[in-house]
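Note that this is a predicted model, so its numbers are computed, not measured. Sequential numbering from 1 along the given sequence is applied to the chain's residues. Just so you know, these numbers use all the heavy atoms, side chains as well, and skip hydrogens, waters and symmetry mates. Both counts, for ligands and for their atoms, begin at 1 and track the order of listing.
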Amino acid sequence: MKRVGILTSGGDCPGLNAVIRGAVLSGEQTHGCEFIGFRDGWRGVLEDDTLPLPRSAVRGISRLGGTILGTSRTNPLSETGGHAVVSAAMGRHRLAGLIAIGGEGTLTAARILSDSGINVIGVPKTIDNDLGATDYTFGFDTAVQTATEAIDRLRTTGESHHRCMIAEVMGRNAGWIALHAGMAAGAHAILIPEHRVPLNQIAAWVSSAHDRGRAPLVVVAEAFVPAGQKAPYSPRGLDTFGRPRLGGIAMLLEQQLQEMTGIETRATVLGHIQRGGEPTAFDRVLATRLGMAATRAAAAGGWGTMVSLRGTRISTVDLGVAVGTVKVVPESRYREARELFG
Ligand SMILES: Nc1ncnc2c1ncn2[C@@H]1O[C@H](COP(=O)(O)OP(=O)(O)O)[C@@H](O)[C@H]1O
Ligand SMILES: O=P(O)(O)OC[C@H]1O[C@](O)(COP(=O)(O)O)[C@@H](O)[C@@H]1O
Ligand SMILES: [Mg+2]
């Protein structure tokens with residue numbers, strides 16, 4: 001019987017549990033595989049922190065948010081890690097390979113390990129939807145749904161007070177959540193990292209909506225860079241991997257737009273609300289199919305690949321290709337949305 005290790009790494013994301021369940025059920029029922037889980041991503045691999053994953057451990061979990069395995073941003077290539085440590089952990093548990101569920105960071109580490117001879121299959125996850133080699137990542141649909149519901153609420157209070165409301169959503173490299181939630185909620189301006197917009201243009205959109213008797217709504221991605229600035233707003237130090245922690249640009253815009261337009265303005269940062277809670281049906285289905293496909297690939301010895309969604313089909317791509325491109329919002333999608341601003 002083939003034994004496979006599973007881990008979830010990087011920011012958590014609704015649908016992780018559905019992947020785990022899909023992988024384990026299909027492994028037990030169809031492919032004769034057995035699973036163990038590593039706790040907290042690569043930390044569990046480096047520190048040998050594991051749990052058994054029989055079918056009974058994944059019962060009913062596909063509708064649960066978070067991850068039953070826990071996650072972290074532990075670097076498997078740090079001085080306490082590397083090929084030898086990962087390989088030893090796999091040997092101890094007689095694993096044929098690993099299924100690593102993560103975003104571009106996790107999968108980059110997985111690719112480096114794979115290049116050094118470790119058997120890994122990647123499963124793309126992120127609410128940001130910024131992985132190039134898959135049409136959608138699970139978690140994105142849920143995050144957009146959650147953000148849209150929150151923004152709808154901001155709208156009703158904004159309308160009561162005749163205020164301009166600003167909603168800040170996540171998105172480290174790309175403005176997908178802002179674009180989709182903004183469009184779904186009928187925003188008067190959507191600000192994304194892919195596109196610089198001068199402040200006076202944002203103020204003009206806000207004023208125009210206000211002049212028509214609407215409560216202006218601005219949706220901004222955390223990584224938006226206002227024209228004239230060099231980098232995203234990041235007053236909160238670094239994350240565990242040493243990258244700037246984003247968040248708070250909405251607060252800056254609140255002050256600036258209120259000053260420029262004379263319209264009372266309130267900003268809300270949605271933050272981790274977007275990452276929590278139950279996955280939507282779309283994300284559960286996508287995640288389950290990706291988990292099943294990962295096991296299928298493992299059973300067939302298709303190491304060094306990532307499972308991905310192409311159209312309505314699940315396929316596999318080489319891990320090297322998988323981490324090659326960040327999927328940003330194309331100019332055409334921004335132009336399309338912009339027709340409705342103001
Ligand atoms: N370019 C990289 N090379 C090697 N390891 C990386 C790289 N980027 C991230 N990692 C490791 O993978 C972890 C998860 O990546 P991160 O970007 O935080 O989440 P995600 O996998 O969701 O993108 C990081 O904390 C780090 O330890
Ligand atoms: O958990 P943290 O460190 O606050 O991370 C926040 C970041 O994680 C995300 O939610 C998801 O990013 P990853 O998919 O790379 O984990 C980003 O949108 C956000 O910038
Ligand atoms: Mg990342």
Side-chain angles (χ1 to χ4, degrees), residues 7-16 19 38 40-46 65-67 70-83 86 98-116 118 120 122-134 136-140 142-144 146-147 168-181 192-193 220-224 231-249 269-277 306 319-320 322-328:
L7 59 102
T8 52
S9 160
D12 75 339
C13 162
L16 286 168
V19 177
F38 287 98
D40 303 337
W42 297 109
R43 185 196 69 74
V45 180
L46 305 194
T67 160
T71 186
S72 74
R73 298 194 193 273
T74 296
N75 186 354
L77 308 168
S78 65
E79 60 275 19
T80 54
H83 173 96
V86 175
L98 299 174
I99 294 178
I101 314 169
E104 98 295 344
T106 301
L107 298 173
T108 299
R111 183 189 54 88
I112 295 168
L113 288 167
S114 168
D115 288 348
S116 75
I118 302 284
V120 196
V123 179
K125 74 83 222 169
T126 173
I127 62 164
D128 291 356
N129 196 37
D130 59 359
L131 283 162
T134 185
Y136 281 101
T137 49
F138 67 85
F140 172 63
T142 306
V144 169
T146 304
E168 179 181 307
V169 298
M170 280 183 165
R172 194 202 294 279
N173 306 304
W176 288 109
I177 299 176
L179 184 80
H180 281 227
I192 59 176
V220 59
E222 60 181 2
F224 170 69
Y233 187 66
S234 170
R236 307 155 91 190
L238 304 177
D239 72 9
T240 32
F241 192 51
R243 291 166 301 200
R245 283 185 59 208
L246 304 181
I249 179 75
V269 178
L270 296 183
H272 294 81
I273 299 271
Q274 293 158 95
R275 283 212 327 234
M306 182 190 84
L319 261 181
V323 295
T325 45
V326 172
K327 182 174 64 193
V328 294

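Although no hydrogens or angles enter the test, the distance criterion places no donor-acceptor pair under 3.5 Å between the side chain of W42 and the main chain of V86. The backbone N or O of V144 sits nowhere less than 3.5 Å from a side-chain atom of H180 that would complete a donor-acceptor pair. At distances below 3.5 Å, not a single donor-acceptor pair connects side-chain atoms of K125 with backbone N or O atoms of P14. Judged by distance alone, with hydrogens and angles left aside, the side-chain atoms of E222 form no donor-acceptor pair with the main-chain N or O of M170 at under 3.5 Å. Looking at T137, its side chain does come within 3.5 Å of a backbone N or O of T126 through a donor-acceptor pair. Side-chain N or O atoms of R111 include none that pairs as donor or acceptor with a backbone N or O of G320 at under 3.5 Å. A donor-acceptor pair under 3.5 Å is absent between the side-chain atoms of R275 and the main chain of A143, judged by distance alone. S72 contributes a side-chain N or O that, together with a main-chain N or O of D40, makes up a donor-acceptor pair within less than 3.5 Å. Judged purely by atom type and a 3.5 angstrom limit, T71 uses its side chain to pair as donor or acceptor with the backbone of G10. Using modelled atom types, one side-chain atom of E168 and one backbone atom of I249 make a donor-acceptor pair closer than 3.5 Å.
Counting atoms of ligand 2 from 1 in the listed order, those under 4.0 Å from a heavy atom of K125 are 13 (P), 14 (O), 16 (O). Against a heavy-atom cut-off of under 4.0 Å, K125 is close to the following atoms of ligand 1: 22 (O). Listed by atom number, the atoms of ligand 2 under 4.0 Å from G171 heavy atoms are 18 (O). Under a 4.0 Å criterion applied to the non-hydrogen atoms of R172, ligand 2 contributes the atoms 7 (C), 18 (O), 20 (O). Under a 4.0 Å criterion applied to the non-hydrogen atoms of G11, ligand 1 contributes the atoms 22 (O). Each of the atoms 1 (O), 2 (P), 3 (O), 5 (O), 6 (C), 7 (C), 8 (O), 16 (O) of ligand 2 lies under 4.0 Å from some heavy atom of R73. Close approach to G11 involves these atoms of ligand 2, each under 4.0 Å from a residue heavy atom: 16 (O). For ligand 2 and E222, the ligand atoms under 4.0 Å from any heavy atom of the residue are 17 (C), 18 (O), 19 (C), 20 (O). Using a 4.0 Å cut-off to heavy atoms of H272, the atoms of ligand 2 that qualify are 1 (O), 2 (P), 4 (O). Residue-ligand proximity, A109 to ligand 1, at heavy-atom distances under 4.0 Å covers atoms 5 (N). Close contacts between ligand 2 and M170 involve ligand atoms 10 (O), 18 (O) [criterion: under 4.0 Å to a heavy atom].
Between R275 and ligand 2, at least one N/O pair is under 3.5 Å apart. For a threshold of 3.5 Å applied to N or O pairs, the pair formed by R73 and ligand 1 contains at least one separation below that value. For ligand 1, one of its N or O atoms has an N or O atom of G105 under 3.5 Å away. Geometrically, ligand 2 and T126 share a nitrogen or oxygen pair separated by less than 3.5 Å. In terms of polar-atom proximity, defined here as any N/O pair under 3.5 Å, G103 does make such a contact with ligand 1. For ligand 1, one of its N or O atoms has an N or O atom of E104 under 3.5 Å away.
For the residue pair L46 and S78, the shortest heavy atom distance occurs at CD1-OG, 4.2 Å. The nearest pair of heavy atoms linking L246 to A223 is CD1-CB, 3.7 Å.
Here the OG1-CG distance, from T106 to N75, works out to 10.0 Å after rounding to the nearest 0.5 Å.
Nearest N/O/S atom of E104 relative to the Mg ion (ligand 3): this is OE1.
For L246, the heavy-atom gap to ligand 2 stays at 4.0 angstrom or more. Using a 4.0 angstrom heavy-atom cutoff, T74 counts as in contact with ligand 1.
D128 OD2, 3.6 Å is the protein heavy atom nearest to atom 12 (O) of ligand 2. Among all protein heavy atoms, the one lying closest to atom 15 (O) of ligand 2 is E104 OE1, 3.9 Å.
Residue contacts with ligand 1, taken as heavy atom pairs separated by less than 4.0 Å, involve T106 via backbone and side-chain atoms alike. Contacts with ligand 1 closer than 4.0 Å are made by no heavy atom of R111, backbone or side chain. At a heavy-atom cutoff of 4.0 Å, ligand 2 is contacted by no atom of T240, backbone or side chain.
By the 6.0 Å contact criterion, CD1 on I273 is open, its count of non-hydrogen atoms from other residues, nucleotides or ligands being 12 or less.
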